[in-house]
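Fair warning: this is a prediction, and the values are worked out from it, not measured in the lab. Counting convention: from 1, in listed order, for ligands and their atoms alike.
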Amino acid sequence: TCTHANRNAALHPLWQSELSIPGGTRQSPINIQWRDSVYDPHLKPLKIHYDPATCLYIWNNGYSFQVEFDDSTDKSVIMGGPMENHYRLKQFHFHWGAINEWGSEHTVDSKVYPGELHLVHWNPVNSTSFEEAIMENNGLVVIGVFLKLGAHHAGLQKLVDALPAVRHKDTIVEFDVFDPSCLLPSCPDYWTYDGSLTTPPLTESVTWIIKKAPIEVDETQLEEFRMLLFTSDGEEEKRMVDNFRPLQPLMNRTVRSSFQ
Ligand SMILES: Oc1ccc(S)c(O)c1
Ligand SMILES: [Zn+2]
């Protein structure tokens with residue numbers, strides 16, 4: 001079996017220099033030790049209302065492929081859970097490995113999944129833009145969903161079919177009418193903790209909501225992710241794989257669960 005050490009060996013140059021933020025006390029990702037998580041009966045069910053018409057385009061930003069949404073209104077929002085108010089959907093992206101043995105950023109009892117989806121939302125009550133929110137204490141809420149190797153995911157396939165059009169860094173393709181709630185597991189259970197972005201600027205502005213249940217995708221769909229490139233057209237090709245950050249110390253944090 002692989003150890004974290006060799007899964008980290010294949011780190012993207014991006015993170016080799018920034019394995020930890022000096023003075024960081026709430027960095028992500030972390031290992032979620034199930035038995036150390038604390039059930040919080042005050043946590044509400046997550047409420048998710050995404051409008052498929054707010055979907056704009058997919059682009060390759062050199063770290064992942066990212067699906068961007070129109071966040072100029074409250075048409076696609078989440079609320080409830082650990083949140084004091086609603087948060088607007090801005091984008092979603094994924095992290096994955098070169099092989100099925102690793103790829104997720106968070107782990108559960110040190111179990112690694114082949115991939116992880118991040119749905120990124122920002123707080124329009126305390127901030128006037130996403131860019132401002134990433135610098136705020138509770139500026140962002142990111143829903144993390146583990147990808148497990150299994151059945152073909154019909155909802156994901158529409159996204160996978162568009163990936164050849166964004167093979168190189170800084171390429172973009174129109175992608176309209178997509179409802180990302182099809183990528184969420186039906187199980188309502190989640191963990192939540194205070195953390196950070198896992199890509200630069202690594203700011204400590206994220207309330208993480210990690211779904212307990214994974215979604216299933218099949219091998220061919222993961223292989224399509226691995227056909228993407230970190231590099232721009234004309235550069236020596238580097239396959240976009242292992243775009244996950246190493247585990248960060250829990251420090252003085254408690255992970256809460258919405259379930260007993
Ligand atoms: O805005 C974001 C960018 C990257 C990552 S990993 C996030 O969780 C949020
Ligand atoms: Zn991410």
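Protein N/O/S atoms nearer than 2.8 Å to the Zn ion (ligand 2) total 3.
Between Glu237 and Arg167, at least one side-chain nitrogen of the basic residue sits less than 4.0 Å from a carboxylate oxygen of the acidic one, meeting the salt-bridge criterion. Lys211 and Glu116 are not joined by a salt bridge, as no carboxylate oxygen comes within less than 4.0 angstrom of a charged side-chain nitrogen.
Crowding of Glu84 atom CD: a count of heavy atoms from other residues, nucleotides or ligands under 6.0 Å not exceeding 12.
Residues Phe94 and Leu229 do not share a hydrophobic cluster, defined by chaining ILVMFWY side chains whose heavy atoms lie under 4.5 Å apart.
Listed by chain and number, Gln91, His93, His95, His118, Val120, Phe130, Val142, Leu197, Thr198, Thr199, Trp208 each place a non-hydrogen atom less than 4.0 angstrom from ligand 1.
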How far apart are the C-alpha atoms of Asp70 and Lys75, what are their side-chain angles, what is the distance that settles it, and do they pass the salt bridge (charged side-chain N to carboxylate O under 4.0 Å, His left out) test?
-> CA-CA 9 Å; Asp70 168 10; Lys75 281 184 185 162; 5.4 Å; no

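Within the structure, salt bridge (Lys or Arg N to Asp or Glu O under 4.0 Å) pairs that include any residue of residues 44-54 do not occur (at least two apart or interchain).
Here the rule is side-chain contact (heavy atoms from CB on, under 4.5 Å) with Tyr57, and of Val166, Val173, Ile172, Val67 only Ile172 fits it.
The two residues Asn243 and Glu105 make their nearest non-hydrogen contact at O-OE2, 4.1 Å.
Looking at residues two or more places apart in sequence or on another chain, you find a side chain to side chain contact (heavy atoms under 4.5 Å, CB included) between Asp109 and Gln33, Trp34.
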